[in-house]
Amino acid sequence: MAKGITKRSEDYSRWYLDVIAAAKLADYAPVKGCMVIRPNGYAIWERMQAELDTMFKESGHVNAYFPLLIPESYLKKEAEHVEGFAPECAVVTQGGGKKLEERLVIRPTSETIIWSMYKDWIQSHRDLPILINQWANVVRWEMRTRLFLRTMEFLWQEGHTAHATAGEAQEETLRILEIYRIFAEDFMAMPVLTGVKSEREKFAGALQTYAIEAMMQDCKALQAGTSHNLGQNFAKAFDVKFQSEEGNLEHVWATSWGVSTRLIGGLIMSHSDDLGLVLPPKLAPLQVVVVPIWRGDDEKSSVLERLSAITADWKGKFRFRIDDRDNYRPGWKFNEWEKQGVPIRIEIGPRDLESGEAVLVRRDSGEKERIPHDRLLTEIPTVLQQIQKDLFKRAADFRDANTHTCDDYDDLKQRLDEDGGFYRVHWNGKRESEERLQNETKATIRVIQTEQSEKGSCILTGEPSERRVVVARAY
RNA sequence: CGGGGCGUAGCGCAGCCCGGUAGCGCAUCUGCUUUGGGAGCAGAGGGUCGCUGGUUCAAAUCCAGUCGCCCCGACCA
């Protein structure tokens, strides 16, 4: 059994932290609530960035960079926004040994500074749309932190777009939501629900917030990405107008959207097991590790020689590494790479040289298979694809098995306590009932799937309801 | 902000109650033997015991204060 990793069934939260430590993904920093993202963790983030960035660019977005420090007055320009973010802002009051004339906020998000610039950049409908994304760090002063899921400083991408019409802004909001869904499901192998957030849960300053919502292995919900339709709120706050084709001055329509290093937390909690990290092949920085086995120098050189012939044409086909370190024994290496979540391990030793085969071991299932050397090149990509598919299916089956329909409030309370999971319940759409739900059950409305409709009566009040909403306890 | 826990070698901990040469495991370094699931033996290096003050001949240990971090709740991506 894995040394140093608490079992999920014993203490899920401890397990999560143990997996991160064992896989060397992150470390605690000297400052409370801050983390160091170690090379193994950062490599995953880089994989995520690469895939997302490609999708953003393919859909017409460009990258830019706006500064970390924002004049405090900017944050105050949008009423809801300041109310939402002010309490969690870190503020710089001093610089160069002097007290500052105006205090500077370390960005908790960049809408305000970006819209202050858009004001100068937008005059005519010909300047629109602006489709800018930035990869950046932000700081939010959180009371309770957790590696990757909630840290004081985190890395993310934030898209900020400006449009001529409400319709275009809405289209953009949904286009990004779909990109997030595809990324979560196809790359992270993490099934998500998409939908709109309730008034209470929406972004401070948005008209509407859309989100992708996943279920972790402890049956809790994780909001994994958000896409906001900001309407004209920020354009009005920063006085950003454009002259339309008809010659009228109109306020610009906006969206913003983001995913963060929280995704890594979601990735861990979707697939990993009691042996450590499990990574979906598409995001695994290392997809295949080859562990050669030998006794003595003669065997070592013949195994390695054969290995370099076998792997000669692997380059560019998948990401692999030959672990020929002499100071560790095979068993140690098996364990090491398992903890780090490498999807496939290939073992090649003297026995395999004779038989002309190699042993292929899947990280997700532990299955072992003997494969002839000349078939490895074609077999490995196939198995990688299969692992990717199986991980998604396993996660989707798990989520579906833990998603329930419920019409009785007492029953809901009890089941949330006992089983957790997602519950499809009727809700009257009112803020008061949502608040009551949260106070009494610690669960919140995760998503409202507006495309579905089903008449019923609110689980709390009995009042009419247009559709079921998904309720769960969340991270 | 409430509750709990912990600060002693890089990591995990014991020692503290009952003051008297700072220890164990892992890791690290050297050598030999090993290598198909976390190797064995022999040797070695590594510490202002979180910080400040007090009591004492003597403090990791007793007293007072202080700082920090982690975990669990409320709030949040």
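Remember, it's a predicted structure, so these values are computed and weren't measured experimentally.
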Per [X] side chain, nearest of listed nucleotides [options]:
X      : options                : value
A:K368 : B:rG37, B:rG36, B:rA77 : B:rG37
A:P350 : B:rA74, B:rA77, B:rG36 : B:rG36
A:W332 : B:rC72, B:rA77, B:rA39 : B:rA39
A:D326 : B:rA74, B:rG36, B:rU35 : B:rU35
A:S260 : B:rA74, B:rG37, B:rA77 : B:rA77
A:R295 : B:rA77, B:rU35, B:rC71 : B:rU35
A:T151 : B:rC72, B:rA77, B:rC1  : B:rA77

Counting any heavy atom closer than 4.0 Å, what does [X] reach on the DNA or RNA strands: base, sugar-phosphate only, or nothing?
X      : answer
A:V359 : base
A:E142 : base
A:R146 : sugar-phosphate
A:E347 : base
A:K442 : sugar-phosphate
A:G266 : nothing
A:E338 : base
A:F154 : base

* Tell me which of A:L17 and A:Q438 sits closer to the 5' end of RNA chain B, going by the nucleotide each one is nearest to. =>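 Whichever sits nearer the 5' end wins; that is A:L17.
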
* To do: Specify the residue among A:E336 and A:Y328 whose closest nucleotide of RNA chain B lies further upstream toward the 5′ end.
  =>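 Whichever sits nearer the 5' end wins; that is A:Y328.
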
If I take atom [atom1] in residue [X] and atom [atom2] in nucleotide [N], what distance separates them, rounded to the nearest angstrom?
X      : N      : atom1 : atom2 : result
A:R325 : B:rU34 : CZ    : C1'   : 18 Å
A:L149 : B:rC75 : CG    : P     : 17 Å
A:E435 : B:rC75 : CD    : P     : 10 Å
A:R473 : B:rA74 : CZ    : P     : 9 Å
A:Q223 : B:rA77 : CD    : P     : 6 Å
A:K300 : B:rU33 : NZ    : P     : 15 Å
A:R446 : B:rA77 : CZ    : C1'   : 10 Å
A:E111 : B:rA77 : CD    : C1'   : 13 Å

So which nucleotide does [N] pair with, by the Watson-Crick or G-U wobble rule with both distances under 3.5 Å?
N      : result
B:rA59 : none
B:rC18 : none
B:rC32 : B:rG40
B:rG73 : B:rC1
B:rG10 : B:rC26
B:rU66 : B:rG50

If you measure from the Lys or Arg side-chain nitrogens to the Asp or Glu carboxylate oxygens, is any gap between [X] and [Y] under 4.0 Å?
X      : Y      : result
A:R8   : A:E10  : no
A:D390 : A:R362 : yes
A:R175 : A:E178 : no

Atom [atom1], compared across [N] and [M]: separation rounded to whole Å:
N      : M      : atom1 : result
B:rG54 : B:rC13 : C1'   : 30 Å
B:rU28 : B:rA64 : P     : 43 Å
B:rG37 : B:rA42 : C1'   : 26 Å
B:rA22 : B:rC63 : P     : 22 Å
B:rA39 : B:rA58 : C1'   : 46 Å
B:rA60 : B:rG47 : C1'   : 11 Å
B:rG7  : B:rC51 : P     : 14 Å
B:rG65 : B:rG46 : C1'   : 32 Å

* Asked: Do we get A:K282 above A:F187's six-membered ring, with its NZ or CZ under 6.0 Å from the centre and within 45° of the axis?
  ->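 Judged by the rule (NZ or CZ under 6.0 Å from the ring centre, within 45° of its axis), A:K282 counts as positioned above A:F187.
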
* With respect to the phosphate group of B:rC72, does any side-chain polar atom (N or O) of A:S13 fall under 4.0 Å of OP1 or OP2? ->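 True: A:S13 side-chain N/O within range (under 4.0 Å) of B:rC72 OP1/OP2.
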
* Asked: With respect to the phosphate group of B:rC70, does any side-chain polar atom (N or O) of A:R144 fall under 4.0 Å of OP1 or OP2?
  ->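 For B:rC70, neither OP1 nor OP2 has a side-chain N or O of A:R144 closer than 4.0 Å.
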
* Between the base of B:rG40 and the side chain of A:R329, is there any donor-acceptor pair under 3.5 Å? ->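 By the distance-only test, no, there is no pair.
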
* Quick one: closest heavy-atom pair of A:V361 and A:G366, and the distance? =>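 Heavy-atom minimum between the residues: CG1-O, 3.9 Å.
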
Return yes if some donor-acceptor pair links the side-chain N/O of [X] with the main-chain N/O of [Y] below 3.5 Å, else return no.
X      : Y      : value
A:K7   : A:D273 : no
A:D186 : A:F183 : no
A:T151 : A:L147 : no

* To do: Return the orientation label for the A:F154 and A:W156 ring planes: parallel under 30°, perpendicular over 60°, tilted otherwise.
  =>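 Perpendicular, since the angle between the ring planes exceeds 60°.
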
